[in-house]
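Accompanying notes for the structure given below.
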Amino acid sequence: MTDAPQAISLEARPRLPRGVRLVNNEAQGGMVLLAPERVFKPDAVALAILERCDGKSTLAVIVDDLAARYNAPRERVLADVTALLRGLADKKLLELG
Amino acid sequence: MTAKDTLHRPLGLLAELTHRCPLGCPYCSNPLALESRDDELDTATWARVMREAAALGVLQVHLSGGEPAARRDLAEITAAAHHAGLYTNLITSGVGLTDARITALYDAGLDHVQISIQDGEEKSADHIAGYRGAFARKNELAAQVRRLGMLLTVNMVVHRANIERIEAMVELALALDASRVEIAHVQYYGWALKNRAALMPTRAQVERARTFVEDLRAQHHGRIVIDAVVPDYHARYPKPCLGGWGRRSLNINPSGRVLPCHAAEVIPGLEFWSVREHALADIWANAPAFNAFRGTAWMQEPCASCARRDQDFGGCRCQAFLLTGDARATDPVCELSPRHTQVVELAAIQDDAPYDYRHQRSPA
């Protein structure tokens, strides 16, 4: 539908708003993201990103952290993180504060 | 494969806490025979049910009714669900829910609020709800929900009286700072079925509405999510009723009977079990009503050999029964059903008779 997602400031401190939360549910086989009338099953990459959206860490810190942790090129990580976060923010499921 | 082999875990529980409601919406999906207050489950039973639901794998509970705020113990039930680990979603008309009470629900752990609004315009909205002042109260409650920092969904049920005002509905949802708006065409069960001809939009209106929703969605991308519930009498294929019978969700009615969906009691001969006598996990796995239409073994042609059978599950069992008298028939909304022309004919009947507003029978 769209080309590259709109960029997010590296100074943004993304956080999940009240009503959007990650929970561990053994009966459903692990971590799930619960949102208004929706349930998402994040893959390992999405989970690693979402767990860092604590409203304290800046996007720059999150990307550096993930790049180091997964030994991946920073630009590639930034693109992946931006795509995920922008998608959630467009659905009002993430605050970019 | 038997039903047991394919038993899924439910994701969602619709908890109909009460059938009492101050509004009289003629499209209400509650059954015509509403449960009385005397038969409602008590607080402790609901609290147990919430714990059992969480243990069964349920992730989200939708606190609904009737108007759930008609129960004075709503905050206690919400807290019980929250402590059981469930995501709590309140589905409310907004009437009877004061700012103080919504704040108490917030403190009890409420995750999300869905407010129904009957139209984008006050006079019509109050007429449809059969309650003067409802529109104003809903707007106030929406503001309080946002002040508390909770996400808000606005649910707009669409039918002939308001289908031309979808843009105003979306504008209202934006003004209320909702993150989601549901443009939900009436589904014809319960009171809506009784009022079908008074509610049914024309095919031309439905077509225009469809294009309109697509345009609004593109226009407001990133500002609000617009979800649509399609008008199934005007569709080519049936809706995959709740993602399959006894597969993803369950419904508990005010007196404790556990139903595969809110309309299931219209189907004769089904045996429902109650949370008063059985644990929820036992009901989910073993209640005859839940196993009646699980899987695909019950299907007749054209469903049984259809490529879409695992996609739409033959459509809605309740609708199949209501329109054909046979709960195993193909949902006649499907154009592959031999009775599809009947649905096309019903969709063409419009009658401007006054609404038969939803009402509770007065006690004898």
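Side chains included, hydrogens not; waters and symmetry mates left out as well; all remaining heavy atoms used. These numbers come from a predicted model, not from an experiment. Chain letters run A, B, ... following the sequence lines, proteins first, then strands; residues in each count from 1.
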So for A:P36, is it side chain, backbone, both, or neither that comes closer than 4.5 Å to the heavy atoms of chain B?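 Both the backbone and the side chain of A:P36 come within 4.5 Å of chain B.
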Contacting region of A:R86 [heavy-atom separation from chain B under 4.5 Å]: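 Neither part.
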Let me know if [X] has heavy atoms under 4.5 Å from chain A in its side chain, its backbone, both or neither.
X	result
B:L86	backbone
B:I224	backbone
B:R180	side chain

If you count every heavy atom of other residues, nucleotides or ligands that lies below 6.0 Å from [X] atom [atom1], does the total exceed 12?
X	atom1	answer
A:R21	CZ	yes
A:R76	CZ	no
A:K91	NZ	no
A:E75	CD	no

Restricting to non-hydrogen atoms, name the atom on [X] and the atom on [Y] that form the minimum distance, rounded to 0.1 Å.
X	Y	value
B:G109	A:R18	C-NH2, 3.4 Å
B:V58	A:N25	O-ND2, 4.4 Å
A:K92	B:G222	CE-O, 3.6 Å
B:G57	A:A27	CA-CB, 3.6 Å

Given 3.5 Å as the limit, does a donor-acceptor pair link the side chain of B:Y87 with the main chain of A:V20, or not?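 It does not hold such a pair.
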Leading residue by heavy atom contact count with chain A [cutoff under 4.5 Å; candidates B:L56, B:L151, B:L152]: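 The candidate making the most pairs under 4.5 Å is B:L151.
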Using a cut-off of under 4.5 Å on heavy-atom pairs, state which of B:V113, B:V225, B:T153, B:T88 scores highest against chain A.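 If we count pairs closer than 4.5 Å to chain A, B:V225 comes out on top.
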Just wondering, do A:E37 and B:D227 contact through their side chains at under 4.5 Å, heavy atoms?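 Not touching, per the 4.5 Å side-chain cut-off.
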Note, A:V32 side chain near B:L59 side chain (heavy atom, < 4.5 Å):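 Answer yes - side chains close enough.
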Let's go through A:V39 and B:R248 carefully: what are the C-alpha distance in whole Å and the side-chain angles of both, what is the deciding distance for side chain to side chain contact (heavy atoms under 4.5 Å, CB included) to 0.1 Å, and is it a yes or a no? CA-CA 12 Å; A:V39 175; B:R248 309 276 298 278; over 6 Å; no
